[in-house]
Visitor: 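Got a structure for you, written out below as structure tokens; questions coming shortly.
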Amino acid sequence: MKTTKSIGKLAISTTLALALWNLGIAITRAQKGSDSIFLLDATCVNAGPGRWRYNVKNISVGRAVYKSYWYMSPGSDYSTITCRIRPKNPDEKDYNFQTLFLEFGMRDNDVGSPGVTVTVYLDGKRGPSKSVLPGQKESIEVNITNVSNISVETECNDKERYCDRVYFWQASLQPASSSPNSDTNPDTSQPIPPSPIEDNTDRLPTLPPPPPSNSPNQSF
């Protein structure tokens, strides 16, 4: 009897927790702007001798704290990430983004590192670029209407020395209805919907289903 009651209480608690969890996600997305997409939710690959990595970390840039979600490490050369944001043969149901917005910088405690130049390529064509030094932050905003592939490259400005990492705390793909400076990160953005070519899944964790509730004919 005690066991049955405990299972019933657990089922109610789990169901309530699941409901509150989903409600919290809905509220957060409504506040942050759920129409923006995190760049790394697309199909992304490494395309350079350096490396990039998804890594959530609080860092100090310009004596201010930022929550970085990924970094790129050019070393003494360069690093590149290339992402396909649209299928090869898109139809009307596929996303057509209007703006790419990046915000990035180098840590205060990387003093002594050479500067790094961040460049965006759209379908293989060179786009805007910005250079940063340790303790500095920059941003890039570029129109990506009808663009299928985006590359972000970080290049060390002194090939005779080693350059430290560039950290990114904003990397959003925004439809026409979005604000260019909306706060987009993996915790608040929606994934790119599945297409006939690729099937990306949401980053949100999947909770286990609640245990079965008591049968109405269960006797105590």
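Only this structure's heavy atoms are used, side chains among them; waters, hydrogens and symmetry mates stay out. By convention here, the first residue in the shown sequence is residue 1.
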Visitor: Supply the atom-to-atom distance S68 OG to N58 CG, rounded to the nearest 0.5 angstrom.
Guide: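 If I round to the nearest 0.5 Å, the distance is 9.0 Å.
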Visitor: Is the backbone of G112 close enough, under 3.5 Å, to the side chain of R161 for a donor and an acceptor to pair up by distance?
Guide: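 Yes, R161 side chain to G112 backbone: donor-acceptor pair under 3.5 Å.
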Visitor: When you measure from the side chain of D108 to the backbone of R63, do you find a donor-acceptor pair of N or O atoms at a distance under 3.5 Å?
Guide: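 Here the side-chain-to-backbone pair exists.
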Visitor: Taking the side chain as C-beta and beyond, is there a heavy-atom pair between S36 and Q174 under 4.5 Å?
Guide: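 In short, these two side chains touch, coming nearer than 4.5 Å.
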Visitor: With rounding to the nearest 0.5 Å, note down the distance linking CG in L173 to SG in C83.
Guide: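 It comes to 8.0 Å.
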Visitor: Is the shortest heavy-atom distance from the side chain of L122 to the side chain of V120 under 4.5 Å?
Guide: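 Yes, their side chains come closer than 4.5 Å.
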Visitor: Supply the atom-to-atom distance S172 OG to L102 CG, rounded to the nearest 0.5 angstrom.
Guide: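 These two atoms lie 7.5 Å from each other.
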Visitor: Decide yes or no for F97 and T145: does some side-chain heavy atom of the first lie under 4.5 Å from some side-chain heavy atom of the second?
Guide: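 With C-beta onward as the side chain, the pair stays apart.
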Visitor: Please enumerate all residues that pass side-chain contact (heavy atoms from CB on, under 4.5 Å) together with N157, with sequence neighbours excluded.
Guide: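 N157 satisfies side-chain contact (heavy atoms from CB on, under 4.5 Å) with T117, S131 once adjacent residues are dropped.
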Visitor: Find out whether K159 and S76 are in side-chain contact, i.e. whether some heavy atom of one side chain is under 4.5 Å from a heavy atom of the other.
Guide: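 Not in contact.
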Visitor: Which pairs, with at least one residue in residues 104-130 and sequence neighbours excluded, count as a ring-ring contact (aromatic ring centres under 6.0 Å, His included)?
Guide: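 Every pair satisfying ring-ring contact (aromatic ring centres under 6.0 Å, His included) with a residue in residues 104-130: F104-F168.
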Visitor: With D164, which residues qualify under side chain to side chain donor-acceptor pair (under 3.5 Å), at least two apart?
Guide: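 For D164 there are no side chain to side chain donor-acceptor pair (under 3.5 Å) partners, ignoring immediate neighbours.
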Visitor: Should Y66 and V111 be counted in the same cluster of Ile, Leu, Val, Met, Phe, Trp and Tyr side chains packed under 4.5 Å apart?
Guide: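 Y66 and V111: separate clusters.
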Visitor: Do R86 and N96 come within less than 4.5 Å of each other through their side chains, counting heavy atoms only?
Guide: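 Counting from C-beta outward, R86 and N96 do come under 4.5 Å.
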Visitor: For the residue pair G75 and Y162, what are the closest heavy atoms and their distance?
Guide: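 Closest heavy-atom pair between G75 and Y162: CA-CE1, 3.4 Å.
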Visitor: Got Y78 and C156 here, is their nearest side-chain heavy-atom distance under 4.5 Å?
Guide: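 No; the side chains remain at least 4.5 Å from each other.
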Visitor: State whether a side-chain donor-acceptor pair under 3.5 Å links Y69 with K57.
Guide: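 On atom types as modelled, these side chains do not qualify, holding no pair under 3.5 Å.
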Visitor: May I ask you to test the K67-W169 pair for a side-chain heavy-atom distance under 4.5 Å?
Guide: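 No, side chains not in contact.
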Visitor: Kindly compute the distance separating CE (M106) from CD1 (I59), expressed to the nearest 0.5 Å.
Guide: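 Spacing of CE (M106) from CD1 (I59) equals 10.0 Å.
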Visitor: Under a 3.5 Å distance rule, please check whether N143 uses its side chain to pair with a backbone N or O of T99 as donor and acceptor.
Guide: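 Answer holds: no.
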Visitor: Got a second to check how far L39's CG is from I150's CD1, nearest 0.5 Å?
Guide: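 Answer for the CG-CD1 pair, L39 versus I150, is 6.0 Å.
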Visitor: Just checking, any donor-acceptor pair under 3.5 angstrom between side chains of S151 and T80?
Guide: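 Note: S151 and T80 side chains miss the donor-acceptor criterion.
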Visitor: Please list every donor-acceptor pair under 3.5 Å in which a side-chain atom of residues 45-53 meets a protein atom from a residue at least two apart or in another chain.
Guide:
{"unit_1": "N46", "atom_1": "ND2", "unit_2": "G48", "atom_2": "O", "d": "3.1"}

Visitor: Where do L133 and G115 come nearest, in terms of heavy atoms and distance?
Guide: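 Nearest pair, atom of L133 first, then G115: CD2-CA, 3.5 Å.
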Visitor: Do W70 and L40 have side-chain heavy atoms sitting under 4.5 Å apart?
Guide: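 With C-beta onward as the side chain, the pair touches.
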Visitor: Mind jotting down which residue pairs meet the salt bridge (Lys or Arg N to Asp or Glu O under 4.0 Å) criterion with at least one end in residues 115-124? Sequence neighbours excluded, please.
Guide: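 Qualifying pairs, neighbours excluded: none.
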Visitor: Can you tell me how far the CD1 atom of I37 sits from the CG atom of L100, to the nearest 0.5 Å?
Guide: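 Separation between the atoms: 13.0 Å.
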Visitor: Which pairs with one or both residues in residues 126-136 pass salt bridge (Lys or Arg N to Asp or Glu O under 4.0 Å), sequence neighbours excluded?
Guide: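 Qualifying pairs: K130-E138.
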Visitor: Let me see the working for I140 and V118 under side chain to side chain contact (heavy atoms under 4.5 Å, CB included), right down to the final yes or no.
Guide: CA-CA 9 Å; I140 291 177; V118 178; 4.3 Å; yes
Visitor: To check you understand the geometry: which heavy-atom pair defines the closest contact between P114 and C163, and what is its length?
Guide: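 The pair with the smallest heavy-atom distance is CB-SG, 3.6 Å.
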